[in-house]
2 protein chains.
Amino acid sequence: MPRPSNKPRILEAAADLFSRKGFRATTVRDIAEQAGLVSGGLYAHIATKEDLLVEIVGAAAEEFEAALAPIVAGPDSPETKVRQAVRAHLEVVARSRARSRVFLDEWQALSRPRREAVQSLRNRYEQLWGAILQEGADRGSFGVEDLSLARIFVLSCLNAVNRWYRPEGRLPLEVVADHYATWILRVLKGPEGESRD
Amino acid sequence: MPRPSNKPRILEAAADLFSRKGFRATTVRDIAEQAGLVSGGLYAHIATKEDLLVEIVGAAAEEFEAALAPIVAGPDSPETKVRQAVRAHLEVVARSRARSRVFLDEWQALSRPRREAVQSLRNRYEQLWGAILQEGADRGSFGVEDLSLARIFVLSCLNAVNRWYRPEGRLPLEVVADHYATWILRVLKGPEGESRD
DNA sequence: CCTACCGATCGGTAGG
DNA sequence: CCTACCGATCGGTAGG
């Protein structure tokens with residue numbers, strides 16, 4: 001009877017440490033200690049430290065995409081999709097804080113070939129958002145001036161949430177999501193007798 | 001006749017490398033080489049590698065604050081102040097790309113006592129924004145629902161700009177600033193017959 | 001998965 | 001500011 005592998009424990013320790021101290025500042029000894037083994041023992045599970053980063057980033061990318069894809073493909077109006085998408089994004093951030101933070105901030109520590117693979121995962125996620133925005137523009141629901149700049153604007157607000165959100169903070173996640181969705185829709189809906197000063 | 005000191009060249013090299021590779025991934029040998037001397041020679045100018053990070057971050061904090069403070073203290077309407085502040089922030093980002101990126105992203109690499117000093121510089125800058133928002137709320141110009149969440153929302157969009165903005169990109173800085181200011185004002189102005197779905 | 005260890009590289013220093 | 005170098009620590013491995 002083999003006991004459960006410690007791989008998940010190692011990944012969790014690595015995600016936690018990478019998110020708090022950064023990839024470069026985290027040593028394999030840190031990870032091993034937090035996972036309950038000694039540094040050499042790590043290499044029964046992985047080939048290199050960078051593998052851990054790749055696995056964490058890949059898992060987070062999947063989570064974000066799995067949360068968003070069904071919304072994009074769904075039947076609702078673009079406005080409703082934006083609301084759902086904001087909530088889905090923030091739920092992933094809240095549920096997997098360390099992982100999502102590594103995905104959003106630490107992927108740059110990857111070396112060339114793997115960084116490009118991650119870049120394309122990030123692009124796919126951004127394109128899902130782009131599809132919602134495009135649909136809203138095509139239907140005339142959104143009147144925002146520059147659709148691709150607006151996508152960057154929206155995603156940068158959302159991606160920053162994991163830098164400050166704490167489950168024990170003043171506002172519960174659903175309230176943050178509601179406000180953010182409302183504000184983002186205000187941006188996307190575009191001018192309605194709005195004054196330019 | 002002493003020739004000009006190389007300290008500025010060292011700071012510039014460090015800012016460039018810290019912004020591109022991160023503080024931890026940059027070695028004193030990298031910095032020395034890019035500044036045109038050998039690694040030991042750095043220590044004629046600095047005591048530790050961390051000192052460079054402190055100097056860069058402090059200089060950037062001063063730039064951001066110097067750009068915003070006169071706007072906050074000025075006579076214009078809150079709406080106009082927001083437009084000016086967005087433009088001022090983005091001008092600092094564009095003018096000092098490496099420095100501002102280090103200020104916004106790499107300060108977390110500082111060790112405890114110095115990190116707290118930087119945190120308070122960051123807080124001061126956020127409070128300047130808070131003052132503009134508060135003034136707009138007091139005067140009834142802004143009807144946004146949660147002022148302090150809105151401040152976070154606004155600043156996180158602006159702070160993300162240095163992650164993607166390139167001077168040679170599609171949109172000139174003034175165009176980005178105009179769109180961002182318009183969108184931020186849309187958020188801050190609040191609901192005007194807006195529907196909640 | 002541990003013990004024991006390696007070569008490389010790190011930030012920093014002594015002496016000039 | 002260079003030459004020459006140091007102790008510490010890094011990611012990773014051999015052998016069991």
Side-chain angles (χ1 to χ4, degrees), chain A residues 1-58 102 106-115 118, chain B residues 1-58 102 106-115 118:
Chain A
M1 273 310 188
R3 53 191 171 70
S5 161
N6 280 325
K7 186 73 181 290
R9 205 191 323 223
I10 293 170
L11 283 168
E12 196 187 358
D16 177 58
L17 288 160
F18 292 166
S19 76
R20 290 192 294 107
K21 321 200 327 175
F23 176 75
R24 294 293 295 233
T26 300
T27 71
V28 294
R29 283 160 182 83
D30 291 334
I31 299 166
E33 185 188 14
Q34 187 156 321
L37 36 84
V38 15
S39 73
L42 274 186
Y43 293 88
H45 300 280
I46 59 167
T48 69
K49 179 188 168 190
E50 197 178 8
D51 286 349
L52 288 170
L53 183 52
V54 170
E55 288 198 49
I56 293 162
V57 164
V102 172
E106 291 301 318
W107 64 279
Q108 313 184 46
L110 289 168
S111 55
R112 189 82 51 69
R114 301 172 127 179
R115 192 169 61 237
V118 171
Chain B
M1 269 323 182
R3 52 190 172 70
S5 161
N6 280 327
K7 187 72 180 291
R9 204 191 325 221
I10 293 170
L11 283 169
E12 198 186 357
D16 177 58
L17 288 160
F18 292 166
S19 75
R20 290 192 294 108
K21 320 199 329 174
F23 176 74
R24 294 293 296 233
T26 300
T27 71
V28 294
R29 284 162 180 82
D30 292 334
I31 300 167
E33 185 188 14
Q34 187 156 322
L37 34 83
V38 314
S39 73
L42 274 186
Y43 293 87
H45 300 281
I46 59 167
T48 70
K49 178 189 169 189
E50 198 178 7
D51 285 351
L52 287 171
L53 182 53
V54 170
E55 287 198 51
I56 293 162
V57 164
V102 172
E106 290 301 318
W107 64 279
Q108 313 184 45
L110 289 167
S111 54
R112 189 82 50 69
R114 301 171 127 180
R115 192 169 60 238
V118 170

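Below, chain A is the first sequence line, B the second, and so on; all start at residue 1.
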Note to self: At a heavy-atom distance below 4.0 Å, what parts of residues 47-54 of chain B sit against DNA chain C?
What the structure shows: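 Within residues 47-54 of chain B, the residues near DNA chain C are B:T48, B:K49.
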Next item on the list: Name every residue in residues 19-29 of chain B that has at least one heavy atom under 4.0 Å from any atom of DNA chain C, in order of residue number, or write none if there are no such residues.
Entry: B:T26, B:T27, B:V28, B:R29
If I compare all heavy atoms of [X] with all of [Y], which pair ends up nearest, and what's the gap?
X     : Y     : value
B:A32 : B:L42 : CB-CG, 3.9 Å
A:T26 : A:K49 : O-NZ, 2.7 Å
B:E55 : B:K7  : OE2-NZ, 3.0 Å
B:A35 : B:R9  : O-CD, 3.3 Å
B:Y43 : B:T48 : CE2-CA, 4.3 Å
A:R29 : A:S39 : CG-CB, 3.6 Å

Please report, rounded to the nearest Å, how far the [atom2] atom of [N] is from the [atom1] atom of [X].
X     : N      : atom1 : atom2 : answer
A:Y43 : C:dC6  : OH    : P     : 17 Å
B:I31 : C:dT9  : CD1   : P     : 18 Å
B:L17 : C:dG11 : CG    : P     : 12 Å
B:I46 : C:dG11 : CD1   : P     : 10 Å
B:L37 : D:dT3  : CG    : P     : 11 Å
A:L42 : C:dC2  : CG    : P     : 9 Å

All N/O donor-acceptor pairs, side-chain side in residues 10-18 of chain A, below 3.5 Å, sequence neighbours left out:
| from | atom 1 | to | atom 2 | distance (Å) |
| --- | --- | --- | --- | --- |
| A:D16 | OD1 | A:R20 | NE | 3.3 |
| A:D16 | OD2 | A:R20 | NE | 3.3 |
| A:D16 | OD2 | A:R20 | NH2 | 3.2 |
| A:D16 | OD2 | A:Q34 | NE2 | 2.8 |

Margin query: The criterion is side chain to side chain contact (heavy atoms under 4.5 Å, CB included); which residues satisfy it with A:V54, sequence neighbours excluded?
Written below: A:L110, A:R114
Next item on the list: First locate atom CZ of B:F23, then atom CD of B:Q108, and finally report the distance between them rounded to the nearest 0.5 Å.
Entry: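 Result: 13.0 Å between the selected atoms.
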Notebook entry, point to check: Listed by chain and number, what are the salt bridge (Lys or Arg N to Asp or Glu O under 4.0 Å) partners of B:E106, not counting sequence neighbours?
Noted result: none
Check: Is it true that atom CD of A:E33 has more than 12 heavy atoms of other residues, nucleotides or ligands lying nearer than 6.0 Å?
Finding: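 Not more than 12 within 6.0 Å, no.
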Margin query: Please convert DNA chain D into dot-bracket. A pair counts if it is Watson-Crick or G-U wobble with both distances under 3.5 Å; crossing pairs go in [ ] and bases paired with another strand get |.
Written below: ||||||||||||||||
